[in-house]
Amino acid sequence: MAAQKPGLARGTRDFGPVQMSRRNYLFGIIRAVFEKFGFQPLETPAIENLSTLTGKYGDEGDQLLFKILNSGDFMKNASDANLSERNSKSITPEISEKGLRYDLTVPFARYVVMNQHLHTFPFKRYQIQPVWRADRPQKGRYREFFQCDADVVGTNSLLCEAEIVLMIKEVFEKLGLADYSIKLNNRKILSGIAELMGAPGKEGPLCVAIDKLDKIGEEKVFEELKERGFGNDAAEKLKPFLQLSGSNATIIAGLEKLLAGSEVGLLGLAELKEVMIMVEGFGIKVDQLAIDPTLARGLSYYTGCIFEVKPTSVQMGSICGGGRYDDLTGMFGLPNVSGVGISFGIDRIYDVLDELNLFPAESVRTSKVLIANFDEASAMKSLVVLSKLRERGIAAELYPESAKLKKQFTYAESKGIPYLLMAGESEFALGEFGLKNLQSGEQKTFTVDQIISELR
RNA sequence: GUGGUUGUAGCUCAGCUGGUUAGAGCGCCUGAUUGUGGUUCAGGAGGUCGCCGGUUCGAACCCGGUCUUCCACCCCA
């Protein structure tokens, strides 16, 4: 039988030792920051009931859900009508009731509602797990990728928003990434703009259109708005908003005037101002933070502040995003619990750091020393040495065969092991061993105890 | 989901208007060097040209389908 050719499912990747070392380095930094801000870990299943997932991400999102075929004879419940019409959309609920999670926020909301009794509010959790989207893959866009989320539910305090900004700053500072911007806006401001344009409640289409601003330009945005049913004077009303620029203070002052006729809009602005004041209150300057009233991104469940982080020196989509959602737990029967959160897209951050060569060399984990294997008897005696090294916390390994030294050297080098220990017959006779630094080529003779203090 | 694009050795890529045994560099393996790698030299292995089908006397090359990659749209981390 011909062997089948191995391959990966579209949009998925394997992560080798080097990649995993770097990914763990990223996870470690993000986790440490989350914990420092008082967030506690949580994990939820990869698989959720489709009823939990659908209707939370908008029509587009629903389309991108990976659905799981029912176990067993999944066709027995499929209706003849849908079968003969080959109607995929209406037959889906008949043959699939589970799906892969699309993000971590909705499963979190589900968890909160199911476990209200366990937690006192506000509840702060972080969650680092993969999510799946049946999107068409591109650079920085995968079908399986990890999100690193931190969310607070059960408080309306804008302190949470301010702390999110600080966490973003700290994570990227620790990663050595300086070229990025944190864009901040508020859904209520967008609602206000829609209201002033004479199309209250239509912030959805408005968002979609103005989000394309830097791609297609003002004129095309206006055209699109017209197509989507905005009135003729809508464009004129929108223009001044699009032209706002300058410092955050200038933009706030501008918004103050422009939004004067909209109660929601002013509410959103007040929230923005408070977040800015709180960030300032921490005594930390966040130069990357920029208020952008045209920032429209975010899933459909956002209702207040929205965030987006983009690298500025690398061609890449957002590497971090989030916002406040007032009604998510309400969809599962627990109303009046507001939440706000942030999600770091580790796979994109990885690509950005890789492109900018920002991974420290030490981020690759490997043994500190390789004990050369000269012959069976010496190898046997090396085992005690190996134990002693490991007892003292030194990652060490013995080459498993008495291969040629050249081969053992090559092995150590390719694995990035910095030291090679010569442990043959004569060394054991003397009780002293040659320790060679593979990078410098320098070799010195030590007793086992000296080796330990040398390598620690 | 729509339109386009890519696919040749482990890696980066050549391969003329279809014409015999498909090449290079790097890497890998062996030896020079029976216990000291990274340099040098000598040799060697490795490809059903993404997959399936079609046209043709003959296909890596042309055509169709499919998968994959990347790009645009859509949306997003």
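A, B, ... follow the sequence lines: proteins, then strands. Residue 1 opens every chain. What you see is a predicted model; the values in this text were computed from it and never measured.
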Distance check: side-chain N/O of A:K404 vs OP1/OP2 of B:U30, anything under 4.0 Å? no

Where each residue is assigned the nucleotide of RNA chain B containing its nearest heavy atom, which of A:L8 and A:A423 is assigned the position nearer the 5′ end? A:A423

Could you check whether A:K407 gets within reach of a base, just the sugar-phosphate, or nothing at all, counting any heavy atom under 4.0 Å? nothing

Please classify the nucleic acid contact of A:Y411 as base, sugar-phosphate, or nothing, using heavy-atom distances under 4.0 Å. nothing

B:C74 phosphate, OP1 or OP2: any side-chain N/O from A:R136 under 4.0 angstrom? no

Over all strands shown, is A:G317 touching base, sugar-phosphate only, or nothing at heavy-atom distances under 4.0 angstrom? nothing

Does a side-chain N or O of A:R133 approach OP1 or OP2 of B:C76 to a distance below 4.0 Å, or not? no

Need one value for A:D135: base, sugar-phosphate or nothing, where a base atom within 4.0 Å counts as base even if backbone is also close, heavy atoms only. base

Identify whether any heavy atom of A:L438 sits under 4.0 Å from a base atom; if not, whether one sits that close to sugar-phosphate; answer base, sugar-phosphate or nothing. base

Compare side-chain N and O positions of A:Q443 against OP1 and OP2 of B:U36 and report whether any pair is under 4.0 Å apart. no

Please classify the nucleic acid contact of A:G441 as base, sugar-phosphate, or nothing, using heavy-atom distances under 4.0 Å. base

Distance-only donor-acceptor test, A:R141 side-chain atoms vs B:A77 base atoms, 3.5 Å: no

